[in-house]
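Remember, it's a predicted structure, so these values are computed and weren't measured experimentally.
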Amino acid sequence: MTGNQGPAHKRSMTRRKVVVAGGAAVAVASVGGGVAVTAFAGETGKGSNASATAAETCYKLTSETTEGPYYIDADKIRKDITEDKEGIPLTLALKVIDSETCKPIKNAAVDIWHCDALGIYSGYESLSTGGGGAPTDAPSGTPTDLPSGTPTGEPPSGAPSGGTGGGGHEEPTDDERYLRGTWRTDRSGHVTFRTVFPGWYRGRCVHIHVKVHVDGKWTDAGYEGGHTCHTGQFFFSEESVLASATVAPYSTSTTERTTLTEDTIYDQSGTTGGLLKLKYDKKHIAKGVQASLTLGVDPDATHDGTDDAVQPGASASAA
C-alpha cells in the first residue's frame, strides 16, 4: 500500500461536474432503505465467516477495470435510474470503504451505468445495437463471421490494453440518459440504486459499470472537483443470468451471450473482482433481484479507467 506523500490529485484535480436533474437540491440526497450490506470486498460469498475474516478482507482492493466507451460525465443525481425501461427490478446496495483503514467513505459520488434488457446503452443507441457489432471494450480477436479484405470504414476508437487501461471513449450520439445515475454515500458509506437487471450484448457478459469520486464538493448544481478513486464493473452469476433469460424482454434477445468465465474483463476473483451477492426467488426472478457489494477503494489513488492507474506522488491526468 503506497503511503500518503502529498497526493497528486490535491495539486491537479480531475475536474468533473454533475448537473442535477430538474434543478433538484442535493441536500435531499440521503440514502434510505435498500439492502443491508455487511459483506467485505474480499469475501467469497460462499459460506465465508464475515466476523472472522473482516480484518483481512477489508484490506483487499476491489478490482479496477476499463471505463468502456459509453461513460457520460454529466449524469443525473438520482438513485432510481429506471425511467420507463422494461426489465426485472434490481435494487443495488453498495458500501464504499477505505481498503486500508476499513472505515466507510462518506459523501462520495457513485456513478453507475449499464445497458437495458436488450443490450442498448442510453446516449449511444445508434452505436450499441445490442448485438449488431462488438463494443470497443469487448475481448480482442478476429471474428470468424466477417468477410475477408481491407475494411473501408473508420477503425474502432480503441480497445482496452489490459484490465485497467484503454476504454476507447465515444462521444454520445443521442440525448437519452436512462439507466444512468449518480448518488451520494451516507455517513456509513452506503448508497442504494434502483434499476433493472441488465441484458447482454455481443462480446461481454452481463455487467454494470461503476465509478467512485472523492474529495469533491456537493453543491446545489451537483458534484464538482475531486478525483476518481475507483473505476470498476459489477458482474452477475451465471445462474441469475440464465434465469433472467426466461423472462421477457430478455427472452426475446437473439444475441449470442458471453458467459462469466468467458469474459476477459472480469478477473474471476469473486466479490473482489466485482461479483455481486444476489438474493431472488429462483422460481420467480421476475419479482425482482436484490444485489449488494462492498467496494474496497484507495481514496488517495486515481483510477479513471481510461489510462494506467495513477498513484499518489504521480501526476494525475485530467478527465
Side-chain angles (χ1 to χ4, degrees), residues 12-22 64-78 81 83-85 109-140 151-183 195 198-204 207-213 216 221-228 230-234 255 264-265 302-310 316-319:
S12 176
M13 287 188 176
T14 299
R15 190 72 176 174
R16 74 185 303 275
K17 182 175 181 179
V18 181
V19 180
V20 179
E64 302 292 329
T65 67
T66 177
E67 174 186 283
Y70 302 142
Y71 176 59
I72 299 176
D73 190 21
D75 288 349
K76 297 179 178 180
I77 304 295
R78 58 185 183 179
I81 65 174
E83 292 194 12
D84 59 351
K85 302 307 292 184
V110 179
D111 292 333
I112 67 166
W113 70 102
H114 62 84
C115 68
D116 67 8
L118 296 180
I120 305 298
Y121 280 90
S122 64
Y124 301 90
E125 291 185 340
S126 64
L127 296 178
S128 55
T129 56
T136 55
D137 65 342
S140 59
T152 57
E154 289 231 10
S157 59
S161 57
T164 59
H169 178 73
E170 297 280 355
E171 290 301 316
T173 60
D174 59 71
D175 295 330
E176 298 292 338
R177 294 296 183 267
Y178 52 81
L179 306 182
R180 296 177 179 275
T182 304
W183 202 247
T195 183
W200 57 90
Y201 51 91
R202 183 181 175 189
R204 287 302 315 280
H207 63 283
I208 293 175
H209 293 267
V210 62
K211 280 180 179 285
V212 178
H213 312 274
Y223 184 79
E224 296 185 60
H227 67 285
T228 305
H230 175 70
T231 298
Q233 295 181 24
F234 300 132
T255 304
T264 61
I265 301 298
T302 295
H303 297 285
D304 61 15
T306 59
D307 203 346
D308 292 336
V310 179
S317 58

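In this structure Thr195 satisfies the side-chain contact (heavy atoms from CB on, under 4.5 Å) test together with Ile81, Leu90, His114, Leu179, sequence neighbours excluded.
Classified by interplanar angle (parallel below 30°, tilted 30° to 60°, perpendicular above 60°), the ring pair Tyr121/Tyr201 is perpendicular. Between Tyr124 and His169, the ring-plane angle classifies as perpendicular under the 30° and 60° cut-offs.
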Exercise for the section: Please assess Thr173 against Glu125 for the test side-chain contact (heavy atoms from CB on, under 4.5 Å), listing each intermediate value before the final yes or no. Expected result: CA-CA 7 Å; Thr173 60; Glu125 291 185 340; 5.6 Å; no

Practice task
Decide yes or no on side-chain contact (heavy atoms from CB on, under 4.5 Å) for Gln233 and Ile265, but give the supporting numbers first.
Solution key: CA-CA 9 Å; Gln233 295 181 24; Ile265 301 298; 3.7 Å; yes

Problem - Stepwise side-chain contact (heavy atoms from CB on, under 4.5 Å) test for Ile120 and Tyr178 - result: CA-CA 10 Å; Ile120 305 298; Tyr178 52 81; 3.6 Å; yes

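Atom NE2 in His227 sits 8.5 Å away from atom NE2 in His303 (nearest 0.5 Å). Note that NE2 of His209 and SG of Cys115 are 8.0 Å apart. Values are rounded to the nearest 0.5 Å. Within the model, atoms CG of Leu127 and CD of Glu170 stand 5.5 Å from one another, a figure rounded to the nearest 0.5 Å. Thr66 contributes atom OG1, which lies 13.0 Å from atom OH of Tyr71 (distance to the nearest 0.5 angstrom).
With hydrogens and angles disregarded, no donor-acceptor distance shorter than 3.5 Å links the side chain of Arg177 to the backbone of Lys76. Remark: side-chain polar atoms of Glu64 are paired, donor with acceptor, to backbone N or O of Thr231 under 3.5 angstrom. With hydrogens and angles disregarded, no donor-acceptor distance shorter than 3.5 Å links the side chain of Lys85 to the backbone of Ala117.
Checked for salt-bridge contact, Glu83 and Arg78 meet the test: a charged N lies under 4.0 Å from a carboxylate O.
Residues Pro198 and Ile208 are in side-chain contact: their nearest non-hydrogen atoms beyond the backbone lie under 4.5 Å apart.
Among the candidates Thr182, Asp111, Asp73, the single residue satisfying the side chain to side chain donor-acceptor pair (under 3.5 Å) test with His213 is Asp111.
Minimum interatomic distance between Glu67 and Trp113 (heavy atoms only, all atoms of both residues): O-CZ2, 3.5 Å.
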